[in-house]
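Here's the structure we're looking at; comments come further down.
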Amino acid sequence: MGFDPWDAAFVADPYPAYRELREQGRALWWEATGQWLVPHYADVSALLRDRRLGRTYLHRFSHEEFGREAPPPGHEPFHVLNDNGLLDLEDPAHARVRRLVSKAFTPRTVEQLAPAVDRLAGELVGQLLADGGGDLLTVVAEPLPVAVIAELLGVPEADRALLRPWSADICGMYELRPDEETARRAVRASVEFSAYLRELIAERRKEPGEDLISGLIAAHDDEGRLSEQEMISTCVLLLNAGHEATVNTTVNGWWALFRHPEQLASLDSEKLSTAVDELMRYDTPLQLFERWVLDDIRIGDTLIPRGAEVALLFGSANRDPARFGRPDALDLVRDDNPHLSFGAGIHYCLGAPLARRELTASFGALLADGVPPLKLVREPRWRDGYVIRGLDELLVEF
């Protein structure tokens, strides 16, 4: 099996290995992490919607009942932060929190942010242009979504440099087999970020504004309001999920375009909406999504028992020829494109409309009239890590 997330060659191009996995079966045991790999689109899509699987099992079982060890006590700050966010809650808690968050984070919220998104994208591209080029990752791709989320939350401009390092340290825990140093950084970032947000929430309670935190404080229904921890976890999730996918789709997408010059030459503002989705499908920013098996399930001929863990391979599903014609081809006008990069089911990404808006603004600003064509300076390296897929840098010039 060519699946090896710790091998640099695999990380640089996992797609041939995915092809082998799909040929070998629908559910494949992988000893290295004790997980069942699921590589086919139809299975991944169905299992994302199957309530016999869950992001957590603690709403139904104790660690002991489920046959799992509790996390080390020293990791508790990370797990408190992570486990109270929408991504890791299950119903009925998930439905309650999502309903309340949706009262504050509405389609109108995204519409109101649109002018700020366009302005920020234009300013960042203007800086890149003034410099004659540079690292697209650090000059445009990273600052844009972080600034947008900060604007959304009402984080003062002077504090915004804190957000990306906190997020990067927390997201290290989503890789396979994170080591103790990764856990230590994640715990420290969880403590610091939570303390910062607690202060910000206290300020907004005294003086509400037009920001999302004020909206989360005000949101209520017949079942009550969000707890402070739920608000903190929601804000952290919006930053982590809301910018990792956008950052990596931007740089991974441009790297794909540089390798397909005919597609890049054909790209214009009218094609941006379909192009963004195709770039997310072609080189998926989140390659793997884990779920616990809460009740026995059968995938093909394989019975997977309660207590097992499955690894849903988004990157493989998005290149499955059973669902996508010419799956290994980059086709920026692909109109039948139900990729799974934003997930599916109850955990479908709440921030998907905002991510698409940011990506459209970013690519649009770089392709705007009067901006010279971008040129790659040197072939990039892939960042360490496999689950969250991204480049170390992307050096460009005009």
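Side chains included, hydrogens not; waters and symmetry mates left out as well; all remaining heavy atoms used.
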Side chain to side chain donor-acceptor pair (under 3.5 Å) filter on D221, not counting sequence neighbours, yields R99
Check ion pair R323-D336 (N to O, under 4.0 angstrom): yes
H347/F342 aromatic ring centres below 6.0 Å: no
Report the residues that fulfil side chain to side chain contact (heavy atoms under 4.5 Å, CB included) with I304, sequence neighbours left out, ordered by chain and then residue number. A27, W36, V293, I297, I299, T302, A308, V310
Kindly indicate whether the side chain of F314, heavy atoms from C-beta on, has any atom under 4.5 Å from the side chain of V387. no
Heavy atoms of other groups near E397 CD, more than 12 under 6.0 Å: yes
Are R306 and D295 ion-paired here, with the side-chain N under 4.0 Å from a carboxylate O? no
List the steps, then state whether salt bridge (Lys or Arg N to Asp or Glu O under 4.0 Å) holds for R55 with D88. CA-CA 5 Å; R55 281 290 293 174; D88 280 76; 3.3 Å; yes
One thing to verify: whether R281 and E278 come together as a salt bridge, which I'm taking to mean a side-chain N less than 4.0 angstrom from a carboxylate O. yes
Please tell me whether F324 and H339 form a close aromatic pair, meaning their ring centres lie under 6.0 Å apart. no
Identify each donor-acceptor pair in which a side-chain atom of residues 360-373 lies under 3.5 Å from a protein atom, sequence neighbours left out, and give them as a table.
from : atom 1 : to   : atom 2 : distance (Å)
T360 : OG1    : R356 : O      : 2.8

Which distance, rounded to the nearest 0.5 Å, do you find between the CG of L37 and the CH2 of W29? 9.5 Å
Charged N to carboxylate O under 4.0 angstrom, E309 versus R291? no
